[in-house]
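For reference, the structure is listed below as structure tokens.
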Amino acid sequence: MSNQIRKIAVLTSGGDAPGMNACARAVARTALARGLEVIGFLGGYSGLLEDKMVKLGHNDVSNIVNRGGTFLYSDRCLDFKTPEGMAKAVACCKKYEIDGIVCIGGDGTLRGATDLSNHGIPTIGLTGSIDNDITASDYTIGFDTAMNTVCEMIDRLRDTCESHARCNVVEVMGRDCGEIALRTGIACGAVAVAIPEVPFDEAAAIAKIKALKAEGKRNFIVTVSEGLGKYGEDLAKKIQAETEVETKFARLAHVVRGGNPTLRDRLTASEMGAKAVELMLEGKTNLVVVERNSELVACDINYSHIVDRMYKGKLKDGDLDPYSAEEIASMKELCAYRKAEIERLYALVDDLA
Ligand code: F6P
């Protein structure tokens with residue numbers, strides 16, 4: 001494929017993330033600069049099933065590098081997971097004679113991209129999700145912006161907590177991943193952080209609030225990841241009942257997914273988008289561009305998918321069969337590293353509170 005490549009497609013899928021626009025723009029602009037034709041599919045994988053395509057020229061991606069959301073729109077497409085849906089998607093790629101497709105999104109999107117690549121469509125996945133929950137990558141586009149938004153919201157809550165001598169339990173997005181709650185908890189001086197990855201010592205958190213209150217502290221922030229279900233609401237009630245500190249509950253929800261991307265997200269998104277096209281031009285596909293130790297590197301898309309399942313405890317029978325003992329060991333090492341990083345950060349919370 002390397003020298004034959006003429007036309008590529010780009011789509012954004014799953015939960016939108018600030019920086020997706022910058023990323024799609026970088027894919028389009030890099031490809032156009034190399035003389036390729038570029039099309040976008042609208043609404044994620046639904047665009048492939050429903051044949052919703054737009055041609056992308058230079059000006060079609062103007063004025064979006066700084067904007068949140070995704071101008072290509074997004075969707076969580078259940079039909080795409082069915083054999084009929086996949087057949088339609090493959091037929092659509094063939095109809096437009098694309099030589100490759102760049103899929104920007106989170107774990108569901110990358111799973112879809114893996115399926116597409118296994119059905120013969122040359123694919124590059126780019127990690128776009130506020131959650132930072134792609135095991136193969138240190139970073140996902142949108143994470144920094146989402147954390148900055150959470151920080152801004154919590155700083156505001158802290159102001160009013162201080163005035164009224166209150167506690168605020170703040171639930172933040174992150175599906176099954178506590179990264180946003182953990183890092184913003186540290187950055188916003190939370191007295192406690194509850195995330196799915198580490199057991200939460202509720203009694204210790206309550207005791208700490210009581211002790212600090214006795215010393216005259218007036219404001220208390222607790223961050224909770226949405227991955228713990230309704231726990232945040234229950235915790236707020238318990239804190240109030242046991243500490244006699246009036247406690248409010250706030251669910252930030254989708255507000256955290258919007259907004260203009262930070263410099264970090266614009267830059268990473270732009271670099272990832274450009275790298276995807278360069279890889280395609282080198283004839284390298286069926287990859288995910290991931291960040292490791294501040295560098296962007298290409299990772300096999302199936303490997304990335306399986307190591308993600310391993311980390312999330314979702315491995316199915318036979319998933320590891322195609323891999324050598326050495327590859328499995330490297331997957332386990334990566335999972336252990338991710339876990340250790342979360343535990344390392346979590347250990348800071350108590351001392352800093
Ligand atoms: O994956 C990104 C994310 O925002 C998660 O943090 C959250 O659990 C989920 O998407 C919400 O999805 P939806 O926008 O479909 O409600």
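Residue numbers start at 1 and run along the sequence shown. No hydrogens, no waters, no symmetry mates; every other heavy atom, side chains included, goes into these values. Order of appearance sets the numbers: ligands from 1, and atoms from 1 within every ligand.
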Seminar exercise, completed: For ligand 1, protein residues within the heavy-atom limit of under 4.0 Å are R76, I130, D131, M173, G174, R175, E226, H254, R257
Exercise. Between S62 and R29, is any side-chain donor less than 3.5 angstrom from a side-chain acceptor?
Worked result: yes
For this session: Using only heavy-atom distances, determine whether the side chains of S13 and T109 contain a donor-acceptor pair under 3.5 Å.
Result: yes
Counting only pairs under 3.5 Å, give me each side-chain donor-acceptor contact of residues 83-97, with atom names and distances, residues two or more places apart or in other chains.
from, atom 1, to, atom 2, distance (Å)
K95, NZ, D51, OD2, 2.5
Y96, OH, D51, OD1, 2.4

Seminar exercise, completed: Here the salt bridge (charged side-chain N to carboxylate O under 4.0 Å, His left out) pairs for residues 109-135, sequence neighbours left out, are D133-K312
Problem set entry | Pair listing, side chain to side chain donor-acceptor pair (under 3.5 Å) test, anchored in residues 182-201, at least two apart | E179-R183
Exercise. Would you call K52 and E50 a salt bridge, using N to O less than 4.0 angstrom?
Worked result: yes
